[in-house]
Amino acid sequence: LAITWVRRTRFGGVWADGTDVPLNEESERYEVDILDAGGAVKRTIAVTAPAATYTAAEQTADFGEPQASIVIKVYQLSAAVGRGRPAAATL
C-alpha cells in the first residue's frame, strides 16, 4: 500500500505557487500510525517525506493477512510542537 499526502505548514506559510508551502521546521519528518478496527496502533512507520509504504508482509504480520482497507493517522513531527495533530483516513 503506497500512502501519500500533501505537506502543510504550521507557521507563516502562504500557498503562493499552488504546489508547496515552506516547511518552517528543522527537518521534514512524519509518523504514520496504522490502526486496528478498535483504534489501537498496530504499527508506526517513520518517514522523512510525505509518503510511506505499508507492505503486504507488514500487513500480514500485523493483522494475519493483507487488508482490504487500512485506517491511518499521519503526524508531522516538530521540534517545537512534537507530534502535532494527526490527519486521519481510511484507505
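- Atoms NZ and CD1, from Lys42 and Ile34 in turn, are 11.5 Å apart once rounded to the nearest 0.5 Å.
- One hydrophobic cluster, built from ILVMFWY side chains closer than 4.5 Å, cannot hold both Leu35 and Ile45; they sit in different ones.
- Atom-to-atom distance recorded for Glu58:CD and Thr53:OG1 is 8.5 Å, nearest 0.5 angstrom.
- The salt bridge (Lys or Arg N to Asp or Glu O under 4.0 Å) test applied to Asp62 returns Arg43, not counting sequence neighbours.
- Of all heavy-atom pairs between Val81 and Ser78, the closest is N-OG, 3.1 Å.
- To the nearest 0.5 angstrom, Thr44 atom OG1 is 4.0 Å from Asp33 atom CG.
- With hydrophobic clusters built from ILVMFWY side chains whose heavy atoms lie under 4.5 angstrom apart, Ile3 does not share a cluster with Val41.
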Derivation and outcome, side chain to side chain contact (heavy atoms under 4.5 Å, CB included), residues Val32 and Trp5: CA-CA 11 Å; Val32 180; Trp5 57 92; 3.7 Å; yes
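- Cluster annotation: Leu1 and Val71 are assigned to distinct hydrophobic clusters (Ile/Leu/Val/Met/Phe/Trp/Tyr, side-chain heavy-atom contacts under 4.5 Å, transitive).
- For Thr4, the side chain to side chain contact (heavy atoms under 4.5 Å, CB included) test picks out Ala51, with sequence neighbours left out.
- With a 4.5 Å cut-off on side-chain heavy atoms, Pro66 and Thr60 count as touching.
- Listed here is the closest heavy atom pair of Ala88 and Lys73: CB-CG, 4.0 Å.
- Taking each heavy atom of Gly84 and Tyr75 in turn, the nearest pair found is O-CD2, 3.4 Å.
- Qualifying side-chain hydrogen bond (donor to acceptor under 3.5 Å, both in side chains) partners for Glu31, counting only residues two or more places apart in sequence or in other chains: Arg83.
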